[in-house]
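The model shown is predicted, which means the values in this text are computed figures rather than measured ones.
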Amino acid sequence: MNTRTRSRILIVDYGSQFTQLIARRIREAGVYCEIHPPTRSADWVRQWSPAGIILSGGPSSVYDDDVPDLDPGVLAIGVPVLGICYGMQLIAQHRGGRVVPGRREYGRASLRVLDPDAAPGADTHTKPDGDPADLFHGFRPGEDVTVWCSHGDHVDEPPPGFETIAATHDLPVAAFRSRSRPLYGVQFHPEVAHTPRGQEIVDNFLFRICHCSADWTPGAFVAESVERIRRTVGGEQVICGLSGGVDSAVAAALVHRAVGDRLTCIFVDTGLMRMNEREGVERTFREHMGIRLEVVEAAEEFLTPLRGVADPEAKRKIIGETFIRVFERTTRELGTHARFLVQGTLYPDVIESLSVKGPSATIKTHHNVGGLPDDMPFELIEPLRELFKDEVRGVGRTLGLDRAFIRRHPFPGPGLGIRVLGEVSAKRARMLRRADAIYLDEIEAAGLYDDIWQAFAVLLPVRAVGVMGDSRTYEHVVALRAVTSRDGMTADWYPFDAAFLARVSTRIINEVAGVNRVTYDISSKPPATIEWE
């Protein structure tokens, strides 16, 4: 099986904060999808051969200058298209409907599902599956359902040849469909949790309209990836950089299944790892997985070029380049002559790192996407770059990876280098490493680890006045971060009780020399990111 024959949905990103949620809804239904910019041409879309296309929402108005548009040929390809919010307005504009600016609507609304075929003079055309309700199959005509709206403009009149299939009190055209082509639009957001029956609408589009197969499963992904890796690698040697996190561990296990002993994993002790990371990786990969593992002590190589560097993007690039230089030297010393380098890049990494000339801005560069040097001697293998984090965990379970690794919270490739804010030094890294270990130890002891998506400590680049032992102190500040999330694209801060935070704060201040103040971060993503840098 490969992605050319599998059912797949193309999502065109117009900058909505919910675009990644659309992808999650589709993946959860067992259908593969990808997010691409609106600069994709109709010819490109034909070659990509989607079973259906979704046009996301976005902050633009179709009346603004230099707004992201749509190649009109995309609507003529013949595959089903669903426009959401701004996407619906684009369909209306391109097909001769009327888009009206200025009626802002944010929050919950009551949607009434209509039966267009029951209206006087209605065209009784039905779709190929014989279901006139298509997008709202399973909803009763006249039924009111709660939906979530977030828009300024709206469609006031559907294009010629289109019919209204849902309305709200304020929106005469909350959803429409073409009578002759598989073109649909909704002015609300079915992908968000605040639209309780949104998954039904998404499923109707996927399975009743696009006739997709639910074949995007961990087992299918493993089989397909193993085949693709074998074709790519041939008889060459492969190295994999292990960070100790879930992503690199699953990537290594997947590649090992494909190429066996031609894989050498390299764990680089950068001096920026978590407490006891090295010992845990050695035990898991050597004793339990039987994968060839080389451990390289390189703390000074990483810390030296980071002296005096405070900019997080500069730190990422330094760390990324240093990784490659260490891999180069290690492969020479081992005599493996590796041609390929495996990295645990995930889909959110790609989305956040790469500005693809679309409306979504680059958030930050992940070292394993944007921090690698141009003269890198290896060809990259990134077997997980199509996956979200929960999908990676599913692949790990399919591969039989130890549960202790699968359940681990995400850990960034640059390690503590981007959790020590400002300049990085061995002393500051040791301080943070100890504080982080205390924090995670208390979370485990409280039985909260599996309820939290990610938890970690951050060492701030400021000092604060304190009083310890009747003496004035001027010491470092540690910030604690814990979030809940489904995929890392959006996140809410975890509501620890006050007693827990007091216990963690007391331990850190008492046990970590140089820290006299602890704070807790209660920012959600957006507007904040999960990591501080």
Side-chain angles (χ1 to χ4, degrees), residues 1-4 34 36 47-48 221-268 270 285 289 291-296 298 301-302 316-356 362 365-387 391-392 395 399 412-414:
M1 182 190 302
N2 58 59
T3 53
R4 280 291 182 189
E34 287 184 15
H36 285 270
Q47 288 189 331
W48 201 77
F221 174 83
V222 169
E224 174 190 322
S225 298
V226 166
E227 177 188 338
R228 184 170 61 242
I229 292 165
R230 285 173 178 163
R231 282 198 312 268
T232 301
V233 171
E236 300 285 345
Q237 296 289 317
V238 184
I239 60 172
C240 176
L242 289 178
S243 69
V246 177
D247 308 335
S248 63
V250 173
L254 186 59
V255 174
H256 185 253
R257 177 168 291 193
V259 305
D261 290 342
R262 281 180 287 121
L263 170 69
T264 299
C265 288
I266 300 175
F267 177 81
V268 181
T270 64
F285 279 82
M289 297 179 66
I291 296 178
R292 183 183 181 190
L293 175 66
E294 297 292 334
V295 176
V296 180
E301 283 185 70
F302 282 84
R316 277 189 170 83
K317 291 188 181 297
I318 289 169
I319 293 168
E321 180 164 356
T322 306
F323 264 115
I324 295 304
R325 302 311 172 212
V326 171
F327 291 151
E328 285 179 323
R329 186 186 71 248
T330 304
T331 54
R332 285 196 303 269
E333 293 171 352
L334 295 173
T336 59
H337 306 292
R339 176 181 167 190
F340 295 96
L341 169 66
V342 178
Q343 299 230 74
T345 307
L346 302 193
Y347 202 31
D349 297 341
V350 176
I351 294 168
E352 288 193 343
S353 295
L354 302 180
S355 177
V356 285
T362 298
T365 299
H366 291 257
H367 95 280
N368 55 350
V369 178
L372 301 180
D374 293 334
D375 61 345
M376 183 179 71
F378 305 107
E379 295 181 36
L380 280 182
I381 295 178
E382 298 172 303
L384 310 180
R385 68 179 288 120
E386 300 171 336
L387 303 186
E391 294 172 322
V392 172
V395 169
L399 291 167

For [X] against [Y], the heavy-atom pair lying closest together:
| X | Y | result |
| --- | --- | --- |
| Val233 | Phe340 | CA-CE1, 3.8 Å |
| Asp247 | Gly344 | CB-O, 3.3 Å |
| Phe285 | Ala252 | CE2-CB, 4.0 Å |
| Val342 | Pro383 | CG1-CD, 4.2 Å |

[atom1]-[atom2] distance between [X] and [Y], expressed to the nearest 0.5 angstrom:
| X | Y | atom1 | atom2 | answer |
| --- | --- | --- | --- | --- |
| Trp48 | His36 | CH2 | NE2 | 5.5 Å |
| Arg339 | Thr232 | CZ | OG1 | 9.0 Å |
| His337 | Gln237 | NE2 | CD | 9.0 Å |
| Arg329 | Glu301 | CZ | CD | 4.0 Å |
| Cys240 | Leu341 | SG | CG | 7.5 Å |
| Arg292 | Ile239 | CZ | CD1 | 11.0 Å |

By ring pair (Phe, Tyr, Trp, His ring centres under 6.0 Å) - contacts of Phe378 (at least two apart):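 Not a single residue meets the ring pair (Phe, Tyr, Trp, His ring centres under 6.0 Å) criterion with Phe378.
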Heavy-atom check, side chain of [X] versus side chain of [Y], under 4.5 Å:
| X | Y | value |
| --- | --- | --- |
| Tyr347 | Glu391 | no |
| Val268 | Phe327 | yes |
| Ile324 | Pro377 | yes |
| Leu384 | Leu254 | yes |
| Thr270 | Ile319 | no |
| Phe221 | Leu387 | yes |

Do Glu236 and Arg262 sit within salt-bridge range, that is, some charged N less than 4.0 Å from a carboxylate O? no
Residues Arg230, Glu227: salt bridge by 4.0 Å N-O rule: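 Here Arg230 does not pair with Glu227 in a salt bridge, since their nearest N and O are not under 4.0 Å apart.
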Determine, stepwise, if the pair Arg325 / Glu321 fulfils salt bridge (charged side-chain N to carboxylate O under 4.0 Å, His left out). CA-CA 6 Å; Arg325 302 311 172 212; Glu321 180 164 356; 3.5 Å; yes
